[in-house]
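Values below: every heavy atom of this structure, side chains too, minus hydrogens, waters and symmetry copies. In listed order, ligands and their atoms are each counted from 1.
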Amino acid sequence: AVQVCKIHINGMTCTSCSSTIESALQAIPGVQKAQVALATEEAEVHHNPKTVSHNQLLQAIEDAGFEAILIS
Ligand code: 9UX
């Protein structure tokens, strides 16, 4: 099953920031699709919850240098 996780991201200032985070999320096994919107400061991540947890998604964003807060 696929779950959609929404995450608020602080610290993005240009589209390269959002592209970097999208690539980092898409590289994680279990992530089917990741979209990061600079304007709304939100990420939407389609993932298999049996393979990857919400905390792993948050950690990947933090590792890229941004603050990540789980919305849903
Ligand atoms: Mo743009 Mo973001 O020059 O870390 S890539 S601000």
Side-chain angles (χ1 to χ4, degrees):
V2 174
Q3 190 175 322
V4 181
C5 176
K6 288 193 179 182
I7 302 166
H8 185 85
I9 302 169
N10 286 325
M12 296 191 293
T13 52
C14 80
T15 52
S16 294
C17 294
S18 45
S19 296
T20 298
I21 298 169
E22 269 184 7
S23 300
L25 290 168
Q26 284 162 1
I28 301 169
V31 171
Q32 275 95 9
K33 181 183 179 182
Q35 291 177 118
V36 178
L38 179 62
T40 56
E41 300 185 293
E42 280 183 23
E44 192 175 279
V45 187
H46 298 236
H47 65 103
N48 182 341
K50 289 181 179 177
T51 308
V52 60
S53 69
H54 283 169
N55 277 340
Q56 284 175 285
L57 300 176
L58 296 173
Q59 191 59 55
I61 296 170
E62 298 275 351
D63 288 348
F66 302 88
E67 186 187 8
I69 300 142
L70 185 66
I71 298 171
S72 64

(message) Please check: side-chain N/O of E62 versus main-chain N/O of A68, any donor-acceptor pairing under 3.5 Å?
(response) yes
(message) As an exercise, identify every atom of ligand 1 less than 4.0 angstrom from a heavy atom of F66.
(response) 4 (O)
(message) Can a donor-acceptor pair be found, under 3.5 Å and without considering hydrogens, that links the side chain of E22 to the backbone of V36?
(response) yes
(message) To check your reading of the model: name the closest protein heavy atom to atom 2 (Mo) of ligand 1, its residue, and the distance in Å.
(response) C17 SG, 1.8 Å
(request) Mark up the atoms of ligand 1 that fall under 4.0 Å of a heavy atom belonging to S16, in ascending order. (result) 5 (S)
(message) So which atom in L38 and which in C14 form the shortest heavy-atom distance, rounded to 0.1 Å?
(response) CD2-C, 3.7 Å
(request) Just need the protein heavy atom nearest to atom 6 (S) of ligand 1, so name the residue and atom and give the distance. (result) T13 OG1, 2.7 Å
(message) Can a donor-acceptor pair be found, under 3.5 Å and without considering hydrogens, that links the side chain of E42 to the backbone of A37?
(response) no
(message) Starting from atom 3 (O) of ligand 1, what is the nearest protein heavy atom, named by residue and atom, and what distance separates them?
(response) C14 SG, 3.4 Å
(message) I'd like to know if the side chain of Q59 pairs up with that of N55 as donor and acceptor (distance under 3.5 Å, no hydrogens or angles considered).
(response) no
